[in-house]
There are 2 protein chains.
Amino acid sequence: MPSSGCSPVAPWRVISLSEVRPLADPEVARPLRKDAARNRKRLLAAAGDVFDAQGLDASVADVARAAGVGMGTLYRRFPTKEALIDALVHEVLEATIEMARESANRADGTGLEDFLRKSSAFQAAHPGCLPKLWNTDHDMVKTARSLIGELLADAQRQHKVRHDLTGTDVTLLMWSVRGIVESTRSVAPTAWQRHLDVLLAGIRPSSEDLAHRPVTRKQLDAILEHG
Amino acid sequence: MPSSGCSPVAPWRVISLSEVRPLADPEVARPLRKDAARNRKRLLAAAGDVFDAQGLDASVADVARAAGVGMGTLYRRFPTKEALIDALVHEVLEATIEMARESANRADGTGLEDFLRKSSAFQAAHPGCLPKLWNTDHDMVKTARSLIGELLADAQRQHKVRHDLTGTDVTLLMWSVRGIVESTRSVAPTAWQRHLDVLLAGIRPSSEDLAHRPVTRKQLDAILEHG
DNA sequence: AGTGAAACGGAACGGAGACTCCGCTTGGCT
DNA sequence: AGCCAAGCGGAGTCTCCGTTCCGTTTCACT
């Protein structure tokens with residue numbers, strides 16, 4: 001069947017799938033059909049809306065309805081509800097990592113605070129998947145952590161934050177903001193800003209050290225496993 | 001039917017029910033039969049254990065089994081799962097209020113920090129009902145808030161905490177600790193202490209005010225309504 | 001235009017869990 | 001001792017929700 005005399009473009013060729021299937025497994029994968037790709041985007045957008053509004057307990061049927069597709073479509077694209085949530089988490093983590101990279105460009109010691117303010121704002125704008133944000137997607141979480149570690153080190157070099165602060169402290173700080181966002185978003189959507197003010201005041205240099213020992217990295221890793 | 005010639009002690013008399021039925025409605029109520037009172041205590045204890053271990057998603061059947069009673073017994077004592085949780089919340093809030101009163105006796109400005117450390121420790125020891133702690137039982141929550149307000153005022157008078165801190169800030173602070181307890185209890189049950197260290201550092205007097213406006217009392221009240 | 005693999009919709013399934021019902025038991029009173 | 005309201009256990013009901021199945025439709029390639 002040599003139609004045009006050459007077949008350099010086999011039907012199974014792999015070309016820039018990252019745009020269409022950001023979560024594709026490492027095996028050979030076909031690009032999605034146009035309608036399928038469109039529905040995948042709709043589903044993710046709808047899931048974000050629905051979970052933002054109702055929390056992760058919202059039913060997948062609600063998501064499918066909001067996306068204007070049937071259950072079958074949803075489940076062909078995301079094999080379980082968890083996979084759907086993971087995809088949302090993936091997006092938020094990706095954005096968070098990007099923000100950490102941008103803040104790192106400052107290198108004047110203000111990157112950490114800049115990052116904390118921006119990433120908190122982003123999370124406040126995407127509250128739906130917050131409960132799962134730091135309990136999944138091990139690799140991205142670790143990437144984020146190491147970037148945050150760099151931001152922290154820089155801030156400490158420039159004497160912008162207390163010397164006894166650790167990376168795990170900063171992680172807890174972010175979880176703390178997440179908790180406030182979750183608790184207050186319905187009636188005081190910007191309350192986290194005030195809370196972050198207090199936290200930032202708490203991490204500034206001080207003559208007296210924090211009274212208790214920090215959490216170890218290993219302990220936080222354990223949360224990822226059986227979160 | 002005058003059996004003993006007098007009936008000063010009618011079967012419906014109301015005597016010191018608070019011990020047996022702390023949540024009894026304001027209407028006329030009989031004391032519980034001995035076995036019923038015993039089972040009520042067992043149920044509350046079991047519910048605490050089960051929810052502490054598995055979270056509020058644990059099934060009521062698990063609670064009944066842990067208490068060694070049947071479903072019927074559980075539901076005669078607590079008409080819904082929510083009522084059972086409310087009873088637990090009630091206990092924790094009661095203890096919290098008591099702690100606030102004790103701390104207030106200091107009146108040397110250290111009461112607030114003392115209260116925050118003790119109540120956090122107590123909550124960390126009873127994590128099961130934390131998600132509902134501040135969303136139910138309006139009256140007790142308001143009592144707690146006003147006591148906290150007094151602790152704060154005293155601390156500010158003695159220049160132990162920053163002058164621009166409000167009662168709502170302290171409330172958010174407690175919610176924040178709650179979030180950290182919930183997130184870390186499985187692998188780092190004392191992590192909240194370190195986090196509280198940071199928060200306490202953040203509320204100490206400072207030359208620069210917090211950047212954002214505090215949440216209003218009214219906003220926090222709204223959370224109680226439709227939590 | 002024709003074809004078939006991929007995708008679609010939504011009804012049906014299965015399991016989990018909150019809650020109810022009812023026949024049996026027991027504490028507390030006379 | 002005897003009565004009976006109160007209490008008890010736990011099987012059964014009902015609803016909700018994640019997931020699957022399958023007949024129909026649509027894309028994409030020839």
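Fair warning: this is a prediction, and the values are worked out from it, not measured in the lab. Here is how names work: the chains are called A, B, and so on, in the same order as the sequence lines, proteins then strands, and each is numbered from 1.
- Rounding to whole angstrom units, NZ of residue A/K34 and P of C/dA6 are separated by 18 Å.
- Contact of the A/R40 side chain with the A/L32 side chain is registered, since non-hydrogen atoms from C-beta on lie closer than 4.5 Å.
- Sorted by residue number, the list of members of residues 50-58 of chain B with any non-hydrogen atom under 4.0 Å from DNA chain D is empty.
- Judged purely by atom type and a 3.5 angstrom limit, A/K81 uses its side chain to pair as donor or acceptor with the backbone of A/L56.
- One interatomic measurement links the two molecules: CZ of B/F78 to P of C/dT20, which rounds to 16 Å at whole-angstrom precision.
- Ion pairing between B/R38 and B/D35 fails under the 4.0 Å rule for side-chain N and carboxylate O.
- B/S176 places no side-chain N or O within donor-acceptor distance of the main-chain N or O of B/L172, the cut-off being under 3.5 Å.
- With A/T190 contributing its side chain and A/Q193 its backbone, the two residues share no donor-acceptor pair below 3.5 Å.
- Here B/Y75 reaches the OP1 or OP2 of C/dC19: one of its side-chain N or O atoms lies under 4.0 Å away.
- Remark: the backbone N or O of B/A191 is not paired with any side-chain donor or acceptor of B/H195 at under 3.5 angstrom.
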Between protein and nucleic acid, restricted to nucleotides 7-11 of chain C and to nitrogen or oxygen atoms under 3.5 Å apart, what atom pairs and distances do you find?
| residue | atom | partner | partner atom | Å |
| --- | --- | --- | --- | --- |
| C/dA7 | O4' | A/R33 | NH2 | 3.4 |
| C/dC8 | OP1 | A/N39 | ND2 | 2.3 |
| C/dC8 | OP2 | A/R76 | NH1 | 3.4 |
| C/dC8 | N4 | A/R76 | NH2 | 3.3 |
| C/dG9 | OP2 | A/G70 | N | 2.8 |
| C/dG9 | OP2 | A/T73 | OG1 | 2.3 |
| C/dG10 | N7 | A/M71 | N | 3.2 |
| C/dG10 | N7 | A/G72 | N | 3.3 |
| C/dG10 | O6 | A/G72 | N | 2.9 |

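- Ion pairing between B/D197 and B/R194 fails under the 4.0 Å rule for side-chain N and carboxylate O.
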From CA spacing to verdict: salt bridge (charged side-chain N to carboxylate O under 4.0 Å, His left out), B/D114, B/K118 = CA-CA 6 Å; B/D114 183 64; B/K118 286 182 180 161; 3.2 Å; yes
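- The separation between B/D62 atom CG and D/dG10 atom C1' is 15 Å, rounded to whole Å.
- Residue contacts for A/V60: at a heavy-atom cut-off of 4.0 Å it reaches a base atom on one of the strands shown.
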